[in-house]
Structures are given as C-alpha cells and as structure tokens.
Amino acid sequence: MSDEMINVLYFAWMREHTGTASEQIALPDGAQTVGDLMPTLMARSAGHALALKNMAAVRVAINRSHGGLKTPVAAGDEIAFFPPVTGG
Amino acid sequence: MSDEMINVLYFAWMREHTGTASEQIALPDGAQTVGDLMPTLMARSAGHALALKNMAAVRVAINRSHGGLKTPVAAGDEIAFFPPVTGG
Amino acid sequence: MAVRVQQDDFDVGAESRALQGPAVGAIALFVGTVRSLSEDDSVTAMTLEHYPGMTEAEISRIEDEARARWPLLGVTVVHRVGRLLAGEQIVLVAVSSAHRQAAFDAAQYMMDFLKTDAPFWKAEERGDQLSWVEARQSDNDAHAKWTQE
Amino acid sequence: MAVRVQQDDFDVGAESRALQGPAVGAIALFVGTVRSLSEDDSVTAMTLEHYPGMTEAEISRIEDEARARWPLLGVTVVHRVGRLLAGEQIVLVAVSSAHRQAAFDAAQYMMDFLKTDAPFWKAEERGDQLSWVEARQSDNDAHAKWTQE
C-alpha cells in the first residue's frame with residue numbers, strides 16, 4: 001500500500017448502504033483508474049459490496065466532474081459514487 | 001341595393017387610412033363573400049382604396065373568426081379588416 | 001379567469017402560485033416585455049390595440065387546442081393593452097402540468113399561436129414618432145412548425 | 001448570483017423582475033413543484049440531498065453551455081435542498097433574451113440537463129416511509145435529444 005490518500009464520497013442510498021458519507025482510503029498500489037479502486041472499496045464491508053455491485057446503476061464523479069470507471073485517479077482526488085440523479 | 005346591413009371594422013393602420021374604426025354599410029346586391037364586398041368598400045374613399053388595395057397584406061375576420069375573401073357574408077355580419085397581428 | 005385582456009400590469013409570482021396544486025409538478029411561464037433597445041433602435045413606449053371580443057375568443061380557442069394536445073392542469077393568459085413604457089410587461093402565458101415537457105410545449109405552442117392569431121397590434125414610439133410594428137416572418141414560421149409535425 | 005442552492009423558498013415574481021432590462025423582450029421561466037398526487041400515490045414531503053460544490057459547478061457548466069448556444073441576456077437557477085412539503089417549489093430556471101425562441105429553448109435545455117447532470121437526489125415520504133426516487137428514462141431521453149440534433 002502506498003500512503004497516498006484519496007477521499008471517497010457516497011450519496012443517497014449508496015451512503016445508506018455503505019454507512020458513511022465520506023471516507024479517506026489509501027490509493028491502492030498500481031491503481032490508475034476508478035475501476036482499479038473497486039476491489040479495495042468493495043472489500044471494506046458487506047454494505048460497500050452491496051452498494052457497488054452493480055456499477056451500471058451507479059454514477060461516478062472525480063473531483064466534482066462526471067466520470068466513469070476508466071477515469072484516471074491520483075493521490076488527493078475526491079471520488080464520489082452516487083445513483084442516477086433525480087433533482088429538478 | 002338591399003337594405004340589409006353589415007358592420008365593417010378596421011384596425012391599426014387600416015383604421016388610420018380609412019379614417020374610421022367601424023361603419024355600417026348595406027350588403028351589396030348579390031354579394032355572397034367577403035371578396036364581393038371589396039368594390040363597394042374601396043369606392044367609399046381614397047383612404048379605403050389605399051387600405052384595401054393589397055389584400056395579400058390584409059387579414060379578415062367574419063364574426064370574430066379568421067376568414068378570407070372567399071368566406072360567405074350575410075346581413076348582420078361583423079366583417080373586420082386588419083394587418084397581420086403583432087401582439088405577444 | 002384563465003384569459004384576461006387588461007390595461008393593468010400583472011404579478012408573475014401570484015400567477016405562478018395560483019397554478020400550484022397537488023397534481024402539479026411543473027409550471028412553465030413566459031413573460032413578454034417592451035424592448036427599448038434593438039440594434040440601433042430606441043423605443044420609449046408602445047401602444048397595444050386589440051379587437052375586443054375576438055381577442056378573448058381567439059386566446060380561448062388557442063387554450064382549448066393546447067388542452068387537447070397536452071394533459072394540462074391549469075392555463076393562464078394575461079395580455080395587456082393600451083400604452084406601455086419601455087421595460088414593462090406585455091404578456092404572460094403560464095401553464096401547469098404533472099410533467100415539464102407538456103408544460104414547456106404547451107406554453108410555447110400558445111405563445112406561437114397567440115403571436116399569429118390573436119388580434120393585437122403594436123405601435124412603437126420613438127421620440128414623438130409613432131409607427132405600426134410589422135409582423136415578423138419568424139412568427140409565421142414558429143406557427144407553421146406545429147402544423148407540420 | 002445566477003446559481004443558488006438553498007433551503008429557503010424563492011419568489012418567482014422577484015426573479016422574473018430581476019431579469020428585465022432594456023434589451024430583454026422575452027423571459028421564460030420554469031418552476032418545479034413537489035407533486036403529492038400521482039396515480040394512486042400520495043407523497044406528503046420529500047428530502048433533497050445534493051453534492052455541495054459539485055452541484056453549483058454542474059449548474060454553472062450547464063448555464064455556460066446554454067449561453068454558448070443561444071444569445072441570452074440573463075440566467076437564474078435556484079434549486080432548493082432539504083425537506084420540502086407537498087406543493088412546495090423545488091426548482092426555478094429563468095432565462096431572458098431579446099426573443100422568445102431563444103428563451104424557451106434555453107430554459108428547456110437547462111432543465112433537461114439539470115435533471116440528468118446536477119447531483120441532487122430526492123427521497124419521498126409516504127406516511128412514515130422514506131424512499132429514494134428512481135431516475136426516469138424520459139429524463140435521459142430529453143437530455144439525449146439535444147445531442148442528436
């Protein structure tokens with residue numbers, strides 16, 4: 001494990017499943033994209049695994065811009081996971 | 001001339017040209033459509049002739065519904081002439 | 001009343017609130033105002049003439065056609081007449097529906113038909129010059145697009 | 001400020017007035033409200049969660065895209081967050097332009113993108129049950145139509 005950290009946010013029902021709105025995690029060794037984070041995140045709890053198991057139903061933002069599993073990540077990034085939006 | 005009357009209205013610049021907002025005229029003998037009224041109306045004054053000379057630029061309403069030169073007319077009708085509308 | 005032709009100004013907020021209701025999810029509103037600046041032009045006021053009786057009938061007909069096309073919950077049209085100063089409100093079309101697409105489409109439809117069918121005429125004041133506004137081809141085109149669908 | 005995310009209610013009339021100006025001829029406004037009745041459904045309140053910082057950035061981006069597409073004079077977006085009762089106002093998009101087509105199109109464009117891109121989530125209350133609202137396919141379709149042009 002590197003000790004470079006990223007900040008991970010969860011919203012709406014994903015926040016309820018993971019039990020947290022925000023957590024700091026170490027950037028996994030060799031992780032270059034959002035997709036590379038998934039095994040680490042899903043291993044954190046049964047709730048995390050449930051929240052993240054169907055990524056087709058999940059949206060991702062990197063540093064407050066919409067992205068996806070292939071978006072690059074780096075230390076210090078803010079990665080947010082949330083359901084499709086329902087405002088307006 | 002029959003003594004059956006129609007009421008003729010003019011709006012906007014047509015009112016200014018004819019010098020009148022509203023006039024009662026006798027329905028000309030044999031007149032069946034708005035078009036049949038035109039010679040009689042145009043003969044009323046130079047201003048009427050000017051106002052009505054280019055009917056492509058004029059709109060007609062018969063009893064407060066949009067119509068045209070071929071719309072039937074009958075005694076008691078209200079015939080209005082006006083430029084293309086510019087409200088809203 | 002859904003259709004009003006009046007000299008007095010109107011309150012967009014009050015008209016919007018009046019359209020709220022338990023089944024309403026969307027309110028689309030359009031406000032037309034007296035433009036004083038356009039290109040090198042400077043309009044200080046305008047006078048709106050209309051055809052009393054026909055105006056209300058035409059707007060009600062346009063409302064009926066919009067209600068036949070979209071599931072509307074409420075419709076309000078207010079059109080001012082008489083002399084209006086630059087910057088003043090001229091017209092309000094406000095429509096409520098369960099969903100936004102119907103509200104937007106109906107408001108736009110009603111404005112497009114109002115522009116071509118409702119018997120109003122504008123005369124603009126520039127200094128002490130009064131001139132009748134000519135109809136715009138773009139308004140006929142906007143009307144036509146609804147019948148070509 | 002053109003984009004506001006707030007708990008407080010907003011005044012549609014004041015927002016409309018704030019967009020008036022000498023070159024303005026058209027103001028298009030959209031108000032979204034909390035629907036309490038839909039089919040056999042009865043919603044008493046909803047809570048709106050959002051992603052502070054990203055929300056404002058996304059709405060500003062949507063505004064920039066609308067301004068690049070249409071000649072707009074003013075844009076206001078207000079979106080409420082927190083707990084809202086049935087019938088309350090949720091969102092306002094208001095756009096001013098010289099002419100109505102630009103104002104209507106831009107208001108609709110901004111609502112369509114706000115619905116798919118701005119990070120808000122609704123949880124509805126039915127009695128003491130709270131449930132997250134699912135995204136609607138029709139909102140994705142409305143978004144898609146702007147990119148297919």
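All chains are named by letter (A, B, ...) in the order of the sequence lines, taking the proteins before the strands, and each is independently numbered beginning at 1.
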Q: So which part of Val93(C) gets closer than 4.5 Å to some heavy atom of chain D, the side chain, the backbone, both or neither?
A: neither
Q: Would a 4.5 Å heavy-atom cut-off, applied to side chains only, mark Gln108(C) and Asp105(D) as touching?
A: yes
Q: Which atom pair, heavy atoms only, marks the closest approach of Gln89(C) to Ser16(D)?
A: OE1-OG, 4.4 Å
Q: Quick one: which of Asp11(C), Ile27(C), Ile90(C), Leu19(C) has the most heavy-atom pairs under 4.5 Å with chain D, could you say?
A: Ile27(C)
Q: Between atom CD of Gln101(D) and atom OG of Ser138(C), what is the distance when rounded to the nearest 0.5 Å?
A: 9.0 Å
Q: Find out whether Arg136(D) and His99(C) are in side-chain contact, i.e. whether some heavy atom of one side chain is under 4.5 Å from a heavy atom of the other.
A: yes
Q: Is any side-chain heavy atom of Val12(C) less than 4.5 Å from a side-chain heavy atom of Arg17(D)?
A: no
Q: Give the intermediate values and the outcome of ring pair (Phe, Tyr, Trp, His ring centres under 6.0 Å) for residues Phe104(D) and Phe104(C).
A: CA-CA 8 Å; Phe104(D) 267 124; Phe104(C) 267 123; 7.3 Å; no
Q: Is it the case that atom CD in Gln6(D) sees more than 12 heavy atoms from other parts of the structure closer than 6.0 Å?
A: yes
Q: Has Gln7(D) got more than 12 heavy atoms of other residues, nucleotides or ligands less than 6.0 Å from its CD?
A: yes
Q: If you tally heavy-atom pairs under 4.5 Å against chain C, which of Ala94(D), Ser96(D), Ala107(D) wins?
A: Ala107(D)
Q: Could you tell me which portion of Ala142(C) (side chain, backbone, both or neither) has an atom closer than 4.5 angstrom to a non-hydrogen atom of chain D?
A: side chain
Q: For Leu29(C) versus Val31(D), what's the shortest heavy-atom pair and its separation?
A: CD1-CG2, 4.0 Å
Q: With heavy-atom distances below 4.5 Å as the criterion, would you say the side chains of Gln20(C) and Val34(D) are in contact?
A: no
Q: With side chains defined as the heavy atoms from C-beta onward, is the minimum distance between Asp139(D) and Arg100(C) less than 4.5 Å?
A: yes
Q: Relative to chain C, which segment of Ala26(D) carries a heavy atom at a distance below 4.5 Å: side chain, backbone, both, or neither?
A: both
Q: Is it the backbone or the side chain of Ala14(D) that comes under 4.5 Å from a heavy atom of chain C, or both, or neither?
A: neither
